[in-house]
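Since the model is a prediction, treat every value here as computed from it, not as a measurement.
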Amino acid sequence: MELTRYREQLEEMVEERTRELKEAQNELINLAIESGRAQLSAMILHNIGNAMTPVGVRVAEMKQDNPGQRISEYLRRPYEDLVAHAEHLADYVTEDERGKEVFAFMGKLIRSMSEHQQGLSDSLDKISEAVNYVSEIISLQQNYAAGKRENREMTDLNRLMEDALKMQSTAIEKRKIRVDKDLAPGLPPLIIDRNKLMQVVVNLIKNSYEAMDGLQGDAPFLAVRTFTTAGHVGLEVRDSGIGVEPERIGRIFEFGESGKGSSGFGLYYCSMFVEANMGKLDFISDGPGKGATVRLTFETRLPQHRDGNE
């Protein structure tokens, strides 16, 4: 009877410990999800801020530059000279030195006005481009807005990859990173939570370009690829960054593991999401300084979601 009670107590302790571990795991996953959302939102706001700064500068310049007033001042003196010599205007502009100067000045003024108009048009085009970019980024953010409820839908990996790159274009261009794209045509759609998959792809791209910060040598590059095989579809992110030691590859997706001094939430969440969707996540690196590749592969059929991972 004592052995039976002891066994029952052990079973209760194991069950309680299992519940505690599951709760702790779910809490860590939620922290990783929120961290990813925060990073994505911060990235969107940063891109919008970068786009709006030159807009404000150009608008301020256009307000300060009053071409109408300056043109009126430039025209007033030549006009007065021409009016004063109206009775013999032809002789004045062809024989008188002052008249010749006035005539030449009128031609220069016309050319200057034309150049100014072209500059104004270019400024308006750039402002329009910036506003369109902001609108597009906001639209993407709305399309991939984070929600508490899982929402599986038909997802085009090519479109998702293009959107992820566009969201991070400012950070990539700032670092002068070359981007190579190899997007497979006719890619079958993937039935998955598109918003959460976007968080994963954004995090992978962000990790890649941050892994190239401070490196010397060849021009940095980021290569993205989508592919399809029999019954599977996937994507790949490859970089020329710091790489990973062979002994660390096996634990690169563990919670808290990071080679950049970050929290390690991002890759941990990527691993949990892929695992929960019955996918495969591979990390490949030839060693320090030799870059890294992360590859995600999913079955094209609707995956059976594992309990306890959401």
When you compare the side chain of [Y] with that of [X], does any pair of heavy atoms fall below 4.5 Å?
X: T155; Y: D193; answer: no
X: F221; Y: D239; answer: no
X: L165; Y: V224; answer: yes
X: L187; Y: F227; answer: no
X: M198; Y: D163; answer: yes
X: E11; Y: V14; answer: no
X: F298; Y: M278; answer: no
X: M161; Y: V201; answer: yes

Could you tell me the separation between the [atom1] atom of [X] and the [atom2] atom of [Y], rounded to the nearest 0.5 Å?
X: M154; Y: I192; atom1: CE; atom2: CD1; result: 12.5 Å
X: S240; Y: L215; atom1: OG; atom2: CG; result: 7.0 Å
X: F283; Y: L204; atom1: CZ; atom2: CG; result: 10.0 Å
X: T229; Y: E299; atom1: OG1; atom2: CD; result: 10.0 Å
X: E162; Y: D156; atom1: CD; atom2: CG; result: 9.5 Å
X: Q9; Y: T4; atom1: CD; atom2: OG1; result: 11.0 Å

What heavy-atom pair brings [X] and [Y] nearest, and what distance separates the two atoms?
X: C270; Y: V200; result: SG-CG1, 3.7 Å
X: L281; Y: S271; result: CD2-CA, 3.7 Å
X: L222; Y: S208; result: CD1-CB, 3.5 Å
X: P188; Y: V233; result: O-CG2, 4.0 Å

Would K206 and E210 pass as an ion pair if we require N to O under 4.0 Å?
->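 Salt bridge: yes.
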Test: R248 and E245 ion pair at under 4.0 Å =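 A salt bridge is present here (some side-chain N lies under 4.0 Å from a carboxylate O).
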Does L183 share a hydrophobic cluster with I205, counting links as ILVMFWY side-chain heavy atoms below 4.5 Å and allowing steps through other members?
->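 Shared cluster, yes.
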Is it true that V294 and I177 fall in one hydrophobic cluster, defined by side-chain heavy atoms closer than 4.5 Å?
->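 Yes, because V294 and I177 connect within a single hydrophobic cluster, where side-chain heavy atoms sit under 4.5 Å apart.
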Who pairs with E247 by salt bridge (charged side-chain N to carboxylate O under 4.0 Å, His left out), at least two apart in sequence or on another chain?
->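 Testing E247 for salt bridge (charged side-chain N to carboxylate O under 4.0 Å, His left out), a comparison that skips the adjacent residues, returns none.
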[X] side chain to [Y] backbone, donor-acceptor under 3.5 Å:
X: N277; Y: F273; answer: yes
X: T170; Y: K174; answer: no
X: T226; Y: A184; answer: yes

Please step through side-chain contact (heavy atoms from CB on, under 4.5 Å) for the pair N158 and L235, ending with a clear verdict.
-> CA-CA 9 Å; N158 286 342; L235 59 89; over 6 Å; no
Those residues that, when tested against D213, pass side-chain hydrogen bond (donor to acceptor under 3.5 Å, both in side chains) (two or more places apart) |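 By the side-chain hydrogen bond (donor to acceptor under 3.5 Å, both in side chains) rule, D213 matches R175.
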For residues 285-295, pull every pair meeting side-chain hydrogen bond (donor to acceptor under 3.5 Å, both in side chains), keeping only residues two or more places apart or in separate chains.
->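 Listed by first then second residue: E236-R295.
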Any chance CG of L3 has more than 12 other-residue heavy atoms, nucleotides or ligands included, within less than 6.0 Å?
->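 No - once you tally the heavy atoms of other residues, nucleotides and ligands closer than 6.0 Å, there are 12 at most.
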